[in-house]
Number of protein chains: 2
Amino acid sequence: MNFVLHLLRSQQKMKTKNKKEESGKAEDKIIQAARKLFTQKGYSAIKTRDIAQEAGVNLALLNYYFRSKEKLFEIIMKENFEKFMKVISEVVDNEKTTVKQKIEMLVANYIDMLSGNPDMPLFVLSHGKQDPQRMKMQAKFINSYFLKQVQQEIKSGKIAPIHPANLILNIVGLTIFPFIGRRILQSNASISQEQFADLMEERKVMIPKWIDAMLKVK
Amino acid sequence: MNFVLHLLRSQQKMKTKNKKEESGKAEDKIIQAARKLFTQKGYSAIKTRDIAQEAGVNLALLNYYFRSKEKLFEIIMKENFEKFMKVISEVVDNEKTTVKQKIEMLVANYIDMLSGNPDMPLFVLSHGKQDPQRMKMQAKFINSYFLKQVQQEIKSGKIAPIHPANLILNIVGLTIFPFIGRRILQSNASISQEQFADLMEERKVMIPKWIDAMLKVK
DNA sequence: GTCTATAATTCGATAGAC
DNA sequence: GTCTATCGAATTATAGAC
């Protein structure tokens with residue numbers, strides 16, 4: 001009798017597996033749902049039921065795969081922080097590119113990445129608490145070859161003296177602030193989805209030029 | 001018998017009242033606590049019990065004075081939005097100041113205001129939903145005398161052509177982004193509380209100069 | 001692995017004493 | 001006006017069937 005039951009279950013499992021492969025496995029669907037919702041609205045505003053529904057799976061599966069809401073959130077938070085840092089680390093320690101080129105790459109890479117993840121900046125900056133993640137992000141800039149190059153250009157008089165923190169705030173602020181203020185900018189029909197995308201493409205070209213002009217100001 | 005009870009109650013009321021006057025009335029203490037906590041961590045992350053405890057009053061008093069958590073939150077949200085808009089509206093439609101002066105005032109007024117309310121930007125930008133408040137904020141800029149002046153200076157060739165949205169994003173982004181990224185900037189001991197304040201004072205002077213240089217860039 | 005049902009806890013809100 | 005006590009709904013998490 002048990003053999004029959006087991007057989008039935010195995011068949012069902014196969015069918016289920018085949019069906020799931022069309023739309024991804026449950027574990028993936030949960031991660032995807034969690035990524036979307038947590039990034040959009042943060043930890044507290046999202047309920048585990050929201051995630052289960054968005055994923056199209058049963059509530060119990062969240063705990064089966066991830067033990068708790070908090071563990072699941074930590075995965076998403078880590079993902080987002082790392083995606084955020086990757087842009088910096090890929091650019092900032094390259095010894096073959098100039099200051100100007102690095103700024104161009106930082107701006108372009110961030111705008112490209114954020115165009116596909118527009119809610120990430122608000123998420124990352126809102127959930128900056130006691131995380132060890134951020135120390136890495138900061139260190140990435142502070143000890144970078146980029147800042148050494150900048151110091152050198154200041155000494156040689158090529159650019160005006162500027163506090164490194166102010167330079168970083170300017171580059172990062174000009175680049176990612178539009179995504180932070182995106183909803184306010186759009187929600188009045190004055191700026192549509194497409195217009196926003198066009199603006200960002202324009203800024204991709206202009207921000208490096210603007211920064212260049214700013215760096216001449218004493 | 002009822003008279004005695006009433007007398008006792010009145011005396012207790014007097015005592016309570018006197019004591020409360022030292023640290024403000026209950027209603028005020030609740031508002032202050034709600035302002036602090038909601039602005040710091042947003043609506044969902046804060047529980048009514050947190051507010052009651054921070055205010056040093058009983059949980060039931062929140063509903064006695066404000067009917068619900070949501071009503072209380074709306075008061076705080078309105079406060080913050082209006083404080084945010086006030087800076088703009090005080091500057092942007094003045095017909096006696098130049099573009100340059102308006103930018104100087106916007107930057108200085110925002111930095112001064114935010115130095116006392118550093119969590120406000122993240123709060124305002126996070127809770128931008130379906131609120132009618134934002135339409136006002138947007139309209140403030142879009143139909144402003146400031147933008148008319150800018151258009152004129154573009155026509156006269158005094159400044160290079162620029163999309164109004166980009167100009168606004170630049171001014172506002174450079175000014176308030178440091179407060180949004182403040183925790184990440186500070187939490188690594190690399191930038192202390194005082195250093196941050198110094199940086200902001202420096203930016204108060206530099207941002208208008210930077211914008212000025214940017215506006216020459218074609 | 002996935003589901004149903006439910007336990008355990010938290011949270012917003014209220015009733016009623018004083 | 002303020003407090004204690006508690007209700008009812010919402011929410012996270014788990015037990016157990018399949």
Side-chain angles (χ1 to χ4, degrees), chain A residues 1-31 33-34 37-38 41-74, chain B residues 1-31 33-34 37-38 41-76:
Chain A
M1 177 56 170
N2 261 337
F3 293 100
V4 176
L5 276 176
H6 185 55
L7 182 62
L8 282 171
R9 279 174 217 159
S10 294
Q11 287 179 338
Q12 194 185 357
K13 198 172 172 178
M14 290 291 289
K15 250 193 275 180
T16 304
K17 199 184 172 188
N18 285 336
K19 193 168 66 180
K20 293 299 175 191
E21 271 169 359
E22 290 171 17
S23 57
K25 309 192 167 155
E27 189 172 354
D28 291 335
K29 292 198 291 185
I30 294 170
I31 282 270
L37 296 180
F38 278 145
K41 303 202 181 176
Y43 178 79
S44 307
I46 293 300
K47 311 305 172 188
T48 53
R49 280 174 169 76
D50 303 332
I51 297 173
Q53 187 178 15
E54 172 78 24
V57 302
N58 190 276
L59 173 60
L61 283 191
L62 268 70
N63 297 48
Y64 175 75
Y65 282 114
F66 303 100
R67 233 180 70 81
S68 72
K69 178 188 179 186
E70 210 175 335
K71 300 274 183 201
L72 180 54
F73 179 76
E74 276 166 19
Chain B
M1 178 56 167
N2 262 338
F3 293 100
V4 177
L5 276 176
H6 184 54
L7 182 61
L8 282 171
R9 279 175 217 158
S10 294
Q11 288 179 337
Q12 193 185 357
K13 199 172 172 180
M14 290 292 289
K15 251 195 271 183
T16 303
K17 200 184 172 189
N18 285 336
K19 192 166 69 180
K20 294 299 176 194
E21 273 169 356
E22 291 171 16
S23 55
K25 309 193 167 151
E27 190 172 353
D28 292 335
K29 292 199 293 184
I30 293 170
I31 281 269
L37 296 180
F38 278 144
K41 304 201 181 178
Y43 179 79
S44 305
I46 294 300
K47 313 303 170 189
T48 53
R49 283 171 169 80
D50 301 333
I51 298 172
Q53 188 178 13
E54 172 76 25
V57 303
N58 191 276
L59 172 62
L61 283 191
L62 267 70
N63 297 50
Y64 175 76
Y65 282 115
F66 302 100
R67 233 180 68 83
S68 73
K69 179 189 177 185
E70 210 174 336
K71 299 273 182 205
L72 180 53
F73 179 76
E74 276 167 17
I75 292 172
I76 304 303

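Chain identifiers are assigned alphabetically (A, B, ...) following the order of the sequence lines, protein sequences preceding nucleic acid strands; residue numbering begins at 1 within each chain. Computed from a predicted structure; not experimentally measured.
- Shown here for A/E54 and A/L37, the closest heavy-atom pair between the two residues is CB-CD1, 3.8 Å.
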Taking only nitrogen or oxygen atoms into account, show me every contact under 3.5 Å that the protein makes with nucleotides 10-15 of chain C, one pair per line with its distance.
{"from": "C/dG12", "atom 1": "OP1", "to": "B/K69", "atom 2": "NZ", "distance (Å)": "3.0"}
{"from": "C/dG12", "atom 1": "OP2", "to": "B/T48", "atom 2": "N", "distance (Å)": "2.8"}
{"from": "C/dG12", "atom 1": "OP2", "to": "B/T48", "atom 2": "OG1", "distance (Å)": "2.8"}
{"from": "C/dG12", "atom 1": "N7", "to": "B/R49", "atom 2": "NH1", "distance (Å)": "2.8"}
{"from": "C/dG12", "atom 1": "O6", "to": "B/R49", "atom 2": "NH2", "distance (Å)": "3.1"}
{"from": "C/dA13", "atom 1": "OP2", "to": "B/K69", "atom 2": "N", "distance (Å)": "2.7"}

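- Computed from coordinates, the A/I51 CD1 to D/dA13 P distance equals 10 Å when rounded to whole Å.
- Nearest heavy-atom pair across A/I46 and A/K69 is O-NZ, 2.8 Å.
- Shortest non-hydrogen contact noted between A/D50 and A/A45 is OD2-O, 4.2 Å.
- Taking atom CD on A/Q53 and atom P on C/dC3, their separation rounds to 14 Å, with Å as the unit.
- Rounded to whole Å, the distance from CD on B/E27 to C1' on D/dT2 is 13 Å.
- Of the inter-residue distances, the one linking B/E74 atom CD with B/F66 atom CZ reads 12.5 Å to the nearest 0.5 angstrom.
- The heavy-atom pair separating B/L62 from B/T48 by the smallest distance is CD2-O, 3.6 Å.
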